[in-house]
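Input: a single structure, listed below in structure tokens.
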Amino acid sequence: MDNKPIDVARLGTIRCVIAPEPRTTPEGETRRDREGNPLWITGLSVRQAEGRRTDVVHVVTSGQPQGLTEGSEVRVTNLWANDWAVDGRTGTTYRADAITPVSGSNASVSTTSATAPRGKSAGGDA
């Protein structure tokens with residue numbers, strides 16, 4: 001089980017797709033870090049700078065990230081990946097020191113230029 005730092009500058013655009021939620025045990029209790037702070041989990045989409053590929057990762061932070069809205073662009077500070085193996089299952093968890101909104105980010109996307117005039121297809125044939 002190695003902790004691996006992730007260079008977020010190479011990831012491209014990162015957006016919040018699932019608002020922060022408390023991370024809980026199977027019994028429903030809030031998980032806490034070593035200092036006793038509650039852990040929060042946030043779903044982030046990562047669109048690689050080249051191409052159309054998008055991945056969703058769930059990132060854990062100590063303390064609740066503030067000001068995040070679904071669809072907004074975010075900044076992730078000190079992101080780490082940790083591979084794990086338990087009872088024959090394996091996976092990767094992601095931890096970060098902070099997830100903050102990118103100031104001036106706009107979650108709404110204009111579709112004006114992509115909308116075809118009434119009665120015509122986007123390809124231009126009638």
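The figures here come from the full heavy-atom set of this structure, side chains too, leaving out hydrogens, waters and symmetry mates.
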Problem set entry | Derivation and outcome, side-chain contact (heavy atoms from CB on, under 4.5 Å), residues Leu39 and Thr61 | CA-CA 6 Å; Leu39 296 176; Thr61 55; over 6 Å; no
Exercise. Between Asn82 and Trp80, does a side-chain hydrogen bond (donor to acceptor under 3.5 Å, both in side chains) hold up when you go through it step by step?
Worked result: CA-CA 7 Å; Asn82 182 32; Trp80 288 78; over 6 Å; no
For this session: Take Leu68 and Thr42 through the test side-chain contact (heavy atoms from CB on, under 4.5 Å) and record every step on the way to the result.
Result: CA-CA 9 Å; Leu68 302 185; Thr42 306; 4.1 Å; yes
For this session: Determine, stepwise, if the pair Trp40 / Val60 fulfils side-chain contact (heavy atoms from CB on, under 4.5 Å).
Result: CA-CA 5 Å; Trp40 289 77; Val60 175; over 6 Å; no
For this session: Would you check, one step at a time, whether the test salt bridge (charged side-chain N to carboxylate O under 4.0 Å, His left out) holds for Asp83 with Lys4?
Result: CA-CA 9 Å; Asp83 296 326; Lys4 302 170 199 159; 2.4 Å; yes
For this session: Take Arg53 and Val46 through the test side-chain contact (heavy atoms from CB on, under 4.5 Å) and record every step on the way to the result.
Result: CA-CA 8 Å; Arg53 183 178 171 140; Val46 179; over 6 Å; no
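In this structure, CG on Asn78 lies 12.0 Å from CD1 on Ile99, to the nearest 0.5 angstrom. The CH2 atom of Trp84 sits 6.5 Å away from the OG1 atom of Thr90 when rounded to the nearest 0.5 Å. To the nearest 0.5 angstrom, Leu11 atom CG is 14.0 Å from Arg47 atom CZ. Distance CD/Gln64 to CD/Glu21: 10.5 Å, rounded to 0.5 Å.
Without hydrogens or angle criteria, Arg31 side chain to Thr24 main chain gives a donor-acceptor distance under 3.5 Å. Put simply, the side chain of Glu70 gets close to the backbone of Ala19: a donor and an acceptor are under 3.5 Å apart.
Grouping the Ile, Leu, Val, Met, Phe, Trp and Tyr side chains by contacts below 4.5 angstrom, directly or via other members, places Ile41 apart from Leu44. In the hydrophobic clustering of ILVMFWY residues, with side-chain heavy atoms under 4.5 Å counting as a link, Val57 and Val17 come out apart.
Looking only at side-chain heavy atoms (C-beta outward), His58 and Ile18 come within less than 4.5 Å of each other. At least one side-chain heavy atom of Thr13 sits less than 4.5 Å from a side-chain heavy atom of Glu73.
Among Asp33, Asn37, Asp97, the one residue that satisfies the side chain to side chain donor-acceptor pair (under 3.5 Å) test with Ser62 is Asp33.
What you find for Pro101 and Arg75 is that their closest heavy atoms are O-NH1, 4.4 Å.
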